[in-house]
Amino acid sequence: MSPSFNLGVNLTTAQKLTPQMQQAIKLLQLSSLELEQEVQMKLDSNPLLERVEEDEISAEDFNSLEELTRLELDAEAQKEVYQLSNDHAEGYENDDYETEGGYEAADYDEYGYDSGVDSPQADQGDAVNETEKEQQNMMEITASSGPQANENKNAETEGFMEGETLGELPIDTGWEEVFTHGSTALARPDTQGMSDYQGATSVTLQDHIRWQLNFSHLTPQQSLIADYLIDAMDESGFIQADMADLKASFDEMASFYGWEHRIENEHIEAVVHLIQSCEPLGVGARSLAECLQIQLHSLEETVLYRDQALRLLDEHQLLVTNNIKELMHRTGLKNSDIGPSLELIRTLSAAPGLAFSTAQPEAYDIPDVLVYLVHNSESKQAVWKVELNPETLPKLRINQEYASLIKRGDDSPDNVYLRDNLVDAKLFIRSIEERNQNLLKVATSIIKLQQDFLLQGPTAMKPLILKDIAEGVGLHESTVSRLTTSKSILTPQGLFPLKYFFSSHVSSDQGDISSTAISAMIQQLIQQEDSRAPLSDSAIKDLLQQQGIEIARRTVAKYREAMNIGSSTQRKVKF
């Protein structure tokens, strides 16, 4: 067959995303920080787009940007709130909520969401390595009470204020309207004065150590070693550097620069001891056991049980595993000596460097959505107010001065440039508005379904999957997944990611129960147990079955491990 060339026409249909739609999809899944960066890049590249300054925003403009939603409580929830506030519950309306209109996103199902997780804590990362586990268990021994793992959020509402940064508040912060549920504040807090804490500076632990070493008149060689060791300190004051690797690095430097005298291991150890002599005592240690031994050696020899405590730390591996019988055999201590020795160890600091790190201003996690309870004394109605955080909303507009320069029918390069940027600016502002409207709709739908959680905490969490929210707001599941990615919500129970409210379910006599609620119940049972006779996984399973929750022992163990809670053997306090 002879080769030949033919020219033909083929007609096909395909669905493609326009650049504008791709931009809208991209904005959906951006966090507030990423959105701010995207806005700044757009401002730098598009002269037709400008930011609205705070002093230029009128009341009408602010209301149009705020996108407010109210969700009235159902009869039972209202009754509970009014009982807590010493009011009478009568004449309340049923569930009713309204939001502003939005748009229905296209079905972009290439990004799915796996809602079949067993626990919301399952994505917190892989297990720590053996060394970290040992330090964690040793940390528990130094606690004043039995080891308990508590990962719940603080029940007090974190701060909100207009024109300032959201974040953790001082204890003496005032409140405008307070309805208290236990220790839970249900009103919007007043956080005026938070800016006083921003921009503060403080001496770091490394600076403090270097300042003390200046009085030791170190040689150039010792100063070099000290710089490496101090830079390798973590916030707790531990040196996180492998001595063999550090020695190898110094050998390479000696070969490259042709040093006459090499740095040996004894030189490194000598500088380590100099650092360990600095304040606060315990810094420069390479393990928790060494940190505690440094502090014990600084005590007077007349301190009771000082020597016994040092012998216990020499066998800290047995102390971590709670093998008291073997510990007594190796140390030669009596049963009556171990309890007082452990009490002395508990008085020591397990992380001496934290005194400096906590003095630094904390990083604020700014929520995207705010939820708080509003009480109307005249209508006697309690409503949840759901709104977007004004601090995270970009305030943009078209530059009218440049827009007025555009002429119709003018195809000059300058006019085409201005016209294209005007269209791009309008589409960008519209994409942000649609993102905000849909985020508000999704957050409102979540709050409507999780009202019990707002009042009672994680144990009242209901099972929820993306499909439930998607059907309620008229969006695709992938769109809801993007909207809840990297977004947080400030509630009376604390600050949570929006993904936290989605969980699988477990069957019970009362219906399906959220895996988040079961995790909270397990944690609550462990917190209330006798530390000398902790509950086993089988015992916890039996207690949950008494409440009508059918769950296997291995499932209890999985939830417990996901919350970083040790087994009953590890939790047992013998002294």
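Keep in mind that this is a model prediction, so the values were computed, not measured. In what follows, residues are counted from 1 in the order of the sequence shown.
Asp537 places no side-chain N or O within donor-acceptor distance of the main-chain N or O of Arg553, the cut-off being under 3.5 Å. Side chain of Arg571 to main chain of Gly566: a donor-acceptor pair is present (N/O by atom type, distance under 3.5 Å, no hydrogens or angles). At least one donor-acceptor pair closer than 3.5 Å links the side chain of Gln450 to the backbone N or O of Lys462. A donor-acceptor distance shorter than 3.5 angstrom exists from the side chain of Gln295 to the backbone of Ser349, with no hydrogens or angles considered. No donor-acceptor pair under 3.5 Å is formed between the side chain of His273 and the backbone N or O of Ala270. Under the 3.5 Å distance criterion, the side-chain polar atoms of Glu529 are left unmatched by any main-chain donor or acceptor of Pro534. Counting only distance, with no hydrogens or angles, the side chain of Lys487 and the backbone of Thr485 share a donor-acceptor pair below 3.5 Å. A distance-only check finds no donor-acceptor pair linking the side chain of Gln545 to the backbone of Glu550 [under 3.5 Å]. Proximity of a side-chain donor or acceptor of Thr555 to a complementary backbone N or O of Ile551 within less than 3.5 Å is not detected.
Under the 4.0 Å criterion applied to side-chain N and carboxylate O atoms, Glu315 and Arg330 are assigned as salt-bridge partners. Checked for salt-bridge contact, Arg306 and Glu300 miss the test: no charged N lies under 4.0 Å from a carboxylate O. A salt bridge links Asp227 with Arg210; the closest basic N to acidic carboxylate O contact falls under 4.0 Å. The residues Lys247 and Glu269 are annotated as not salt-bridged, no charged nitrogen and carboxylate oxygen being separated by less than 4.0 angstrom.
No side-chain heavy atom of Tyr559 sits less than 4.5 Å from a side-chain heavy atom of Ile565. Looking only at side-chain heavy atoms (C-beta outward), Met328 and Lys334 stay at 4.5 Å or farther from each other. No side-chain heavy atom of Val369 sits under 4.5 Å from any side-chain heavy atom of Leu490. Side-chain atoms of Thr484 and Leu439, non-hydrogen and from C-beta on, never get closer than 4.5 Å to each other. When side chains are defined from C-beta on, Val272 counts as touching Arg286, because their heavy atoms get closer than 4.5 Å. At least one side-chain heavy atom of Trp384 sits under 4.5 Å from a side-chain heavy atom of Pro492. Taking the side chain as every heavy atom from C-beta outward, Gln29 and Leu483 never approach each other to under 4.5 Å. The shortest side-chain heavy-atom distance between Phe238 and Cys291 falls under the 4.5 Å cut-off.
Using modelled atom types and a 3.5 Å distance limit, the side chains of Glu290 and Gln276 yield a donor-acceptor pair. For Gln212 and His208, the side-chain atoms include at least one donor-acceptor pair closer than 3.5 Å. Looking at Ser568 and Ser536, their side chains never bring a donor and an acceptor atom within 3.5 Å of each other. Side-chain atoms of Gln240 and Asp234 include a donor-acceptor pair closer than 3.5 Å.
Of all non-hydrogen atoms in Thr331 and Leu327, the two that sit nearest each other are OG1-O, 2.6 Å. What you find for Met233 and Ile275 is that their closest heavy atoms are CE-CG2, 3.3 Å. Closest non-hydrogen pair, Pro352 versus Val283, comes out as CG-N, 3.9 Å.
Other residues, nucleotides and ligands contribute only 12 or fewer heavy atoms inside 6.0 Å of the CD atom of Glu301.
Judged as a ring-ring contact (aromatic ring centres under 6.0 Å, His included), the pairs with a partner in residues 446-467 (not counting sequence neighbours) are, in order, Phe453-Phe496, Phe453-Phe501.
Applying the side-chain contact (heavy atoms from CB on, under 4.5 Å) criterion to Ser32, with sequence neighbours excluded, gives Asp368, Thr392. Listed by chain and residue number, nothing satisfies the side-chain hydrogen bond (donor to acceptor under 3.5 Å, both in side chains) test with Glu471 (two or more places apart in sequence, or in another chain).
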